[in-house]
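Here is the structure we will look at.
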Amino acid sequence: MKLSGGDMLMRALREEGVKFIFGYPGGAALHIYDAIFNQKKIEHILVRHEQGATHAADGYARATGKPGVVIVTSGPGATNAITGLATAYMDSIPLVVISGQVASHLIGTDSFQETDMIGVSRPIVKHSYIVQKTEDIPAIINEAFHIATTGRPGPVVIDIPKDITAPENKFEYKKPAKVSLRSYQPKIHPHPGQIKKAAKAILSSERPVIYAGGGAIMGNASTQLKALNKILNIPVTNTLMGLGVYPANDKHFMGMLGMHGTYQANMAMHNADLILAIGARFDDRITNTPSKFAPDARIIHIDVDPASISKIINADIPIVGQVKESLDALIKEIKRSKIKIDSEAVSKWNDQIKAWTAMHGLDHEMYLKKSKSKLIMPQEVVQQVYRVTKGDAYVTSDVGQHQMFAAQYYHFNKPRRWINSGGLGTMGFGLPSAMGVKLAFPNKEVVCITGEGSIQMCIQELSTCLQYGLPVKIININNQALGMVRQWQDMNYSGRYAASTYEESLPDFVKLAEAYGHKGFKVTQRNKLGPTLEKAFALKDQLVFVDVYVDQSEHVYPMLVSPNGSMQDMWLSRGKKT
Amino acid sequence: MKRVLAMLVENKPGALARVVGLFHQRGYNIESLNVAPVDDGSYSRLTVTTRGTESAVEQIMKQINKLIDIIKVADLTEGEHHELELALIKIAKVNDLTSIKKIIKSMNGKVLKNDESACVISVTGTSIDINNLLKVLKKKKIIETVRSGSIGLHESKKTLTI
Ligand SMILES: Cc1ncc(C[n+]2csc(CCOP(=O)(O)OP(=O)(O)O)c2C)c(N)n1
Ligand SMILES: [Mg+2]
């Protein structure tokens, strides 16, 4: 049967197993929208801003591991999708973003709503296509999904001129053959020699640390990581992107490392004699000053992307390969090896970490016990959310202090539960990404821990949540300020709060939630915090917006000292350095 | 240090822009760039000259390799290689061609035209040869110059082919 370009597109997406499209229509995409209307298998979610579509698809992808799909129109629709593309690109998230384009004969004429989407998105996509022939649609979709999901995943853009999807032009749908590209062979196997070297280095170390990041989650290597450390029993830290890949409740888990990492995790990294980096990329929020990074450590670096290896910190033993397969090989090699790890040395090392934790570890009791103060501490909000959701929710977040508190105080025991924009740090990510997660897992608790600044960047999606019945819980840690900006202004600009407060202009979030057809609660007293959260989470079928007023003056600690600091140089509290 | 990078790139829309854009995005400069389709025309061979430390060049090569349309990339400066550039140079009319011909002889030089309006010569050589020649010709007042940018090839058994 012959199909139009629009119908071909829908069929090709169906064959990729797509269940949801997040999108927004417009002139250049209308043939495609007509094709969406004419089928029942894929549900289209109409967002309220294209940024929301990309973040929702991104949240879906992070939670499920499957690629997220977006359709936008040309011009402003396409440019509105740019922030979401950049967000996904920085965190290596598989997205397929389809943008309508003006008709082929109009390209290059500055026609209405024409933007060179391929050009504009070039530096923030893994790859992109402009469709030149309708018949190519099945093969291009097939290739795009292959590229988005293999190797180091990432977003792919497909720009489709309007004439290509015209209903009157029909073609035979040719099922594409298995993708084979001479210029792209993502399946790389770890080199056995390197695995041997790595095993030997690990087994002869005395102060080893496992440092695992988002690549270990993307590579579905959580099981392998746990199995590896069943054998080794060495301390583990996760990056902001890696939280959950190693269970937070395991005794070897030190918490997050880096800029706002725990004292023990940063100290362990600095003093280690061996660092096993797994799907992590030594970015500047981790290493602090690279020349002062882990002076005594040999570095083993496992990554699927060779360009991530020795980019910032030189790897002594690079292993290029899928994280999962590499860890399987490493486990085998370690089991086979005649050398055994010096358990006495390692146990001394583990004791040292315990001592560090006891000295300056995150103080959980402090925030709950600050009973003299009436003000709610922001950390306490996260702790209460953790308690009420029994630590088993999907948590999305935005960017700022609230995000760091969420990362520090919500303890993730499973991968893909913590959904946040780590690389780009995109305010506005939290609510739309929560929608994507909720669509994927309608029976799971999905919480967006946000700030009053960030939530206002994609607040319009409250409307989408009503339309599709997405009862996520929004916990607004309201410090009445762009808190993270304010913290830096406290620390580096003598408290000159340039443009980090709103005077009296904050909206009444309860009324706002109600205006959008949802439920809203406001909490200002600490004794009401727990009960209100319980009430909110008991409303299973409703989106509840809990607006919690917290102590504005609180800072996030620990914090790496910069510039020129090493990982052991930290601010531990206001005015107190290591 | 100067580097000569050779790469094979699929002849697909926007492929060249991706390569050029990457240099800018990652903070590297392109000193010269040459590109043309080779073999069956389904892909092009690019030669890029750039400057950078060994680790910087290693990083840029890894990043280039990540581009989906890149089939292969090599750093020719790592070993023995041929490097050649073509230049067309326009100078004012020359009365005594023999001296010019002598200067350009070692560079496969040709006088393409010499009339009242101008004298056009073509030469091939390494970039350094051409730089030197241009210095010599400066005395004669150069009107216009065009250079192809270096192209390069491994000297030994090493090849960069599909
Ligand atoms: C789109 C965007 N613009 C600006 C920033 C810079 N920025 C980082 S944190 C922050 C403050 C966020 O305020 P809020 O959401 O209230 O969080 P808080 O730090 O107060 O918890 C800003 C402006 C950003 N990360 N993203
Ligand atoms: Mg705030």
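Chain naming here is simple, since letters A, B, ... match the order of the sequence lines and numbering starts at 1 in each.
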Can you tell me how far apart OG (S183(A)) and CE (M7(B)) are? Round to the nearest 0.5 Å.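 So the OG of S183(A) and the CE of M7(B) are separated by 14.0 Å.
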Counting C-beta onward and ignoring hydrogens, is there a side-chain heavy-atom pair between S42(B) and R182(A) closer than 4.5 Å?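 Yes, close enough: below the 4.5 Å cut-off.
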Heavy-atom closest pair, residues I309(A) and K62(B):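 Closest heavy-atom pair between I309(A) and K62(B): O-NZ, 2.7 Å.
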Between Q59(B) and A307(A), the two heavy atoms sitting closest are NE2-O, 3.3 Å
If you count heavy atoms of other groups shown closer than 6.0 angstrom to [atom1] of [X], is the number above 12?
| X | atom1 | result |
| --- | --- | --- |
| D115(B) | CG | yes |
| Q25(B) | CD | yes |
| K66(B) | NZ | yes |
| K110(B) | NZ | no |

Given a strict heavy-atom distance threshold of 4.5 Å, which part of I60(B) is in contact with chain A: side chain, backbone, both, or neither? neither
Considering only heavy atoms, which portion of I70(B) lies under 4.5 Å from any heavy atom of chain A: side chain, backbone, both, or neither?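 Only the backbone of I70(B) comes within 4.5 Å of chain A.
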For chain B, which residues from residues 93-106 of chain A have at least one heavy atom closer than 4.5 Å to it?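 None at all.
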Please output the residues of residues 144-153 of chain A in contact with chain B, using a heavy-atom cutoff of under 4.5 Å, in numerical order. I147(A), R152(A)
Using heavy-atom distances under 4.5 Å, tell me whether N314(A) contacts chain B through its side chain, its backbone, both, or neither.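 Neither; nothing under 4.5 Å.
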With a strict 4.5 Å heavy-atom criterion, list every residue of residues 121-160 of chain B that contacts chain A, or say none. none
Residue pairs passing the side chain to side chain donor-acceptor pair (under 3.5 Å) test where at least one lies in residues 127-140 of chain A, sequence neighbours excluded: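 Listed by first then second residue: S128(A)-R18(B), Y129(A)-E143(A).
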